[in-house]
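Read through the structure below, which is laid out as structure tokens, and then see the notes.
In listed order, ligands and their atoms are each counted from 1. Note that the numbering runs from 1 along the sequence shown for the chain.
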Amino acid sequence: MTSRASVSHVNLLIRGGYVLTMDSAGDIPGGDVHIKDGEIHAIGVKIDAPGAQVVAAEGKIVAPGLIDTHWHMWNTLLRGMSDGWPGGAGRAAGGYFVTCVGLGRHFLPADTYAGTRLACAEAIDAGITTVHDWAHNIRGIDYAQAGLAALRGSGLRARFSYGYETGHHNERLMALDDLTALASQWPARDGEGRVQLGMAWRGSGGSNPAMRVAPWLYREEIAAARELGLPVTVHACGPPSAAGQVAAYAADGLLGPDLQVVHMNNASPQEIALAAAHGTPVSVSPFTELQIGYGQPVTGELLAAGLPVGLSVDTTMLSGNADMFAIMKVTQACANARAHDEFALTARDVLRLATSEGARSLGLGDVTGSLAVGKRADVIVVSVDAPNIGVLTDPARLLVTAAQPSNVDTVIADGRVLKRNGTLTGYDVAELAASAREALARVLSRAG
Ligand SMILES: [Zn+2]
């Protein structure tokens, strides 16, 4: 269960690119970024960095690594399977949720590892340097350890949110003792400070009465996380039938900057205002929200209320892939469509959500999300030498509307080079895919 991603920190000079700092320095055409000891050492023009390895970025776009804020990485093993599987339940029986629960219960820790590892490799390939692994198939502590092993081996920056299991009994608490043990043993600098622990919370459960969790139970769960000082995340107000969840949490006094709320498509204006009043961050996952019928994302409304907003993959069972460029593009398109305004959400606005604002929404605003001296070195270099780009016009708009993962030339996370010249440095892709297929075959065979 090892990966080759542990490439040591380098002394690196990214030279001559169009640098989108997404910070107070603004854009630096023909700019250099000097990376040393895992952090951004200098940014400017014609930096002198003796002994540094040079990444020639002339004619390329240099930007902060992209930030995902909610992703069920384990079920990347079930990519494209929201309509079910041969011989099993699926579309007719309930689509994504039925399939996810039906197959999730047949996972073993090694399958969680294989799914999470495939997701990590996809993240890096797509220029994502921070992920929020929303682990909601923890069927025992070894499942958490397996997901964490994949994350630690990847080189990515991550929040690992320890959750429940698919199909968790509504009248049973999640495994709070295991979470407490994990938190108490958490190394001070896990993955050298890259991996943070959080809790994935069911909250009041799904909109389906069969998935409802009693208030005493969900209150006890969030209280336990807060006692441990862990950030919490919950799905809320996704489908129309889940409207009112945020209002209920507000009435219980549970909203706060440490509680990330996912979706909010069907939150009322009052609920958006309540979340804003409590500094509650929101994760928007446009592709999955559209695919599953939650309606359009309400990004513009959330931003207008002043909420910290990040973008997310959610699940590749529904979205198919983890293309954050496409996620940015559909976020902008939906916001402008809702507002009947070509200029409602600009390319810069949406790029900010996938970088600096996404980082801020995860509480990592001082660590990553923009290119500034002293921040950790999470940087991507995007080539325009491809049929789908070819010209270097407005770099922000190109990243949001034209770029694809195949254009990502170089990915650096925490000062380590995880993709170079378009190739992943830490994974043998043929072996990665073969082991994912083998794990899926095992899951399907157990499911019968
Ligand atoms: Zn989700």
Side-chain angles (χ1 to χ4, degrees), residues 67-82 94-104 107 112 115-116 119 122-123 128 130-138 147 158-168 174 198-208 211 213 218 221 231-242 245-246 249 259-267 280-299 302 309-324 327 330-331 353 358 361-362:
I67 313 277
D68 158 76
T69 59
H70 140 249
W71 187 354
H72 311 292
M73 298 181 87
W74 67 274
N75 73 25
T76 291
L77 202 63
L78 309 178
R79 190 193 302 276
M81 288 187 75
S82 60
Y96 167 71
F97 287 108
V98 167
T99 310
C100 183
V101 173
L103 290 180
F107 268 56
T112 294
T116 308
E122 186 184 9
I128 296 170
T130 297
V131 293
H132 178 193
D133 185 9
W134 220 106
H136 66 352
N137 196 28
I138 305 284
R159 182 195 291 180
F160 176 80
S161 280
Y162 179 103
Y164 39 97
E165 63 191 45
T166 61
H168 197 106
M174 54 187 284
M199 185 219 256
W201 183 49
R202 278 177 293 176
S204 58
S207 48
N208 181 333
M211 288 166 68
V213 178
Y218 70 69
E221 289 180 341
V232 182
T233 176
V234 68
H235 296 109
C237 301
S241 55
Q245 284 179 320
V246 167
Y249 300 147
L259 175 63
Q260 178 204 49
V261 173
V262 176
H263 299 316
M264 295 272 282
N265 302 62
N266 287 287
T280 303
V282 181
S283 177
V284 172
S285 62
F287 275 121
T288 63
E289 291 163 358
L290 291 164
Q291 285 275 354
I292 206 164
Y294 287 177
Q296 292 175 30
V298 290
T299 320
L302 299 171
V309 175
L311 302 180
S312 59
V313 172
D314 190 357
T315 168
T316 58
M317 287 183 70
L318 281 164
S319 68
N321 64 31
D323 180 348
M324 189 56 75
I327 289 171
V330 76
T331 299
L353 301 186
S361 79
L362 288 178

| Qualifying residues under side chain to side chain contact (heavy atoms under 4.5 Å, CB included), relative to Gln291, sequence neighbours excluded |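 Listed in chain order: Leu318.
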| query | To the nearest 0.5 Å, how far apart are CG in Leu259 and CH2 in Trp201? | reply |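 Result: 6.0 Å between the selected atoms.
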| Is a donor on one side and an acceptor on the other found under 3.5 Å between the side chain of Gln245 and the backbone of Gly205? |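 Confirmed, Gln245 side chain pairs with Gly205 backbone.
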| request: Could you pull out the N/O/S protein atoms under 2.8 Å of the Zn ion (ligand 1), ignoring any water? | output: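 Per the 2.8 Å query on the Zn ion (ligand 1), atoms found are His70 NE2, His72 NE2, His235 NE2, Asp314 OD1.
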| query | Is there a side-chain contact between Glu165 and Asn137, using heavy atoms and a 4.5 Å cut-off? | reply |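 A side-chain contact under 4.5 Å exists here.
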| message | Taking the six-membered ring for Trp, are His168 and His136 closer than 6.0 Å centroid to centroid? | response |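 That pair fails the under 6.0 Å test.
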| field | Identified side-chain hydrogen bond (donor to acceptor under 3.5 Å, both in side chains) counterpart of Asp314 within the set Thr69, Asn75, Thr288 | value |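 When Thr69, Asn75, Thr288 are each tested with Asp314, the side-chain hydrogen bond (donor to acceptor under 3.5 Å, both in side chains) holds only for Thr288.
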